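The structure appears below as structure tokens.
Everything numeric here is computed off the predicted structure, so don't read it as measured data. Proteins get letters first, then strands, A, B, ... in listed order; numbering begins at 1 in each.
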Amino acid sequence: MDISRLIDPLNEPQRQAVCTDSQHTLVLAGAGSGKTRVLTHRIAYLVETGQASSFGVLAVTFTNKAAKEMRSRIESLMMQPPKGMWVGTFHSLAHRLLKTHYVEAKLPEQFQVLDSDDQLRLVKRIVKDLNLDDTKWQPKSAQWFINGQKDEGKRFKHIPPSSDFHEQGMLKIYEQYELICQQTGVVDFAELLLRAHELWLNNPEVLKHYQERFRHVLVDEYQDINSIQYAWLRVLCGENANLMVVGDDDQSIYGWRGAKVENILRFSEDFPKVETVKLEQNYRSSGHILKAANAVIDNNSGRLGKELWTDDEDGETIRLYAAYNEHDEARFIADDIDGQSDEFNEMAILYRSNAQSRVIEEHLIRMSIPYRIFGGHRFYDRLEIKNAMCYLRMMLNRHDDTAMERIINLPVRGIGNKSIDTMRIFARDQGISFWQAASQIVEHKILPNRACSAIEGFLTLINDIDSQSDEMNLAEITDFIIKQSNLIAHHQKEKGEKGRTRVENLKELVSAAASFINESDNSDLSEFVSQASLDAGDNQADTHEQAVSLMTLHSAKGLEFDRVYLAGLEEQLFPHKMSMDDPDGLQEERRLCYVGITRARKHLCISYAESRRLYGNEQFNASSRFIREIPNEHLQEIRLNSQVSRPVMFTETPKEIMSDSGFQLGQDVNHPVFGRGVILSCEGIGTNARVEVQFIESTKWLMLQFAKLEAV
DNA sequence: CCGGGTAACATTTTT
DNA sequence: TGTTACCCGG
């Protein structure tokens, strides 16, 4: 067996990771250090050396895109599809398990996945049904509460009763929510993981089967793992599995939705005999860019400690543009892009929050630069697509209340809110499904004639579509549905651009169905519907068209571009004001900045605006502390026609300022009046040096000279 | 049932 | 300030 092609292209640490004999391996892989390569080569190596059968390998990722990519790279390395190997996201693997073991998981065979949209809808209804004030218990935060609990592995019954009035309400909502989900057979995203975890805990024989099967488990983006995912993994791996996790603590940017970096630290404690491999050679960015990234992230505390290096030349320095306002900034970027000869596909404009994109778009349009915005709504989340999917769901299951409520009067067929309310109450009182309620109301003429015949029209429509589409394949059914239901006609009537894109999207759905048949060799309606809720539907597919990418820093993770523009590096915006007062939040912002910088291969341009109009009022924010954390020698300030050296305020990096004060950023300190605190940032030198300290109650700027701070 | 008026809102997002 | 969700009048 010739495995040299798997080994030769690797550098030393990569090889060490790929060929390790350790049972548990933690690969700390910096940005651009080849982590996917390690993962895929490792899998191919295991299979080709006979240490594992592809049947016994499970590889888990966070996004479908990553899973797809991994699968295809494994396939091309092994020169054949990895038969029987499980490669997928946590959610899709959990879904698969639950589908297979639906009985043990106490789910109906045709359970459906509830996406966040439907989930919110359901929570809204519950809040209303419980007669709770929806300003005090906002459905959004109730949804957040529920998901947060589930992410921690906690069901209603696990949470002790609270004395807090507000939390009592939340718990009531949670309880009711669990009940309805179970009754109607729907499972939300967090529930998929929770159930899959419980499935194993409650069914040792099922667990044993998978433990014996999956001798090798590999995890990508390990720093993003949350508690329930961690628990799930741990149970699966048991005592005997070989586990390799790959991640980068410096790129953990999803703490706010439950990801726990600490799981990286815990790894060595929870699993015995862990071998740690660090991948620190970066193959992506040129020297200045990389050194700047290192300098920024160096201000974080509690890191596992990695320092990226490159063989590459220093390359271009990072350009820094101080704009007057956000329009000047956007105009500058558009101008600059216009003057480059690079391909548009190789350029990206990254920003902290979506609100920033509009001004940039305006100026790109003005310069006729093609662009593509990433993020925003997923294909399958679009209104028209969801509606069509709900028709499909009705084919599968007439008692899918969520789906039925959505489409019963869409397109409008004369069933008003009042009729729907009556039906809902009827259904609830009788303990029957929406569909059954509708049938009975028609049968017993409970509502006025006009309403009854409208409802009857809906019932027969669904039944007719179902019976007539009996012999059709998935794509044909989809096509049939959007026509029979009048959805197409309905959107065609919509005026303007909107209607047209909606019609196009519906047609796109038909081709999505067609390619689903081809790709997965499957024409099963239920599979298609699940896949739709678990898959983003690959946002924008027309990558062959040259266009500049616009996206938030979060969505940029995992991508790389020759030329990157980081816009809006201002205090309050980046670091964002919602996060900057909390030390952990600030560190996460800094990691986000690190992610941003390391997206660039050759050119990086950072900009900030001295004034910015946000939500109607003009703000004057200081430039971001992150800019100041980049050592001078990597930066070059640009003005339009002349090059100006950096202003005085940039001459010292925070590190330098702090070094002669005896304190460090992130250090715990004690203040005679304010008590315990943490140093967040600093500015000025000598007698002017000030530090920003986060105390328990507040955040304060203190002159180092006068404040009697002592290190703790 | 539509569409206008208005009040509330505005990190980050995958599954 | 721009968007969006929701309410009410025609």
Subject >> Leu592(A) or Phe189(A), whichever maps to the more 5' nucleotide of DNA chain B >> reply: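 Here Leu592(A) is the residue nearer the 5' end.
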
**OP:** Kindly write out the residues that satisfy ring pair (Phe, Tyr, Trp, His ring centres under 6.0 Å) with Phe626(A), not counting sequence neighbours, or none if the list is empty.
**Re:**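 If we apply the ring pair (Phe, Tyr, Trp, His ring centres under 6.0 Å) test to Phe626(A), skipping adjacent residues, the hits are Phe574(A).
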
**OP:** Check whether the ring centres of His95(A) and Phe111(A) lie less than 6.0 Å apart, and answer yes or no.
**Re:**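 Centroid separation for His95(A) and Phe111(A): below 6.0 Å.
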
Subject >> Partner residues of His327(A) under the side chain to side chain contact (heavy atoms under 4.5 Å, CB included) criterion, sequence neighbours left out >> reply: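 Applying side chain to side chain contact (heavy atoms under 4.5 Å, CB included) to His327(A) gives Asn325(A), Val359(A), Glu362(A), His363(A).
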
So [X], base contact, sugar-phosphate only, or nothing? Heavy-atom distance under 4.0 Å.
X: Asp224(A); result: nothing
X: Phe62(A); result: sugar-phosphate
X: Lys557(A); result: nothing
X: Ser116(A); result: base
X: Glu191(A); result: nothing

Original post:
Separation of Arg121(A) atom CZ from dA5(C) atom C1', in whole Å?
Top reply: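 Whole-Å distance recorded here is 12 Å.
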
Subject >> Rounded distance (Å) that lies between atom P of dT1(C) and atom CD of Glu326(A) >> reply: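 My rounded result for the distance is 12 Å.
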
Original post:
On a plain distance test, is the side chain of Arg613(A) in donor-acceptor contact with the base of dT1(C) below 3.5 Å?
Top reply: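 There is none.
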
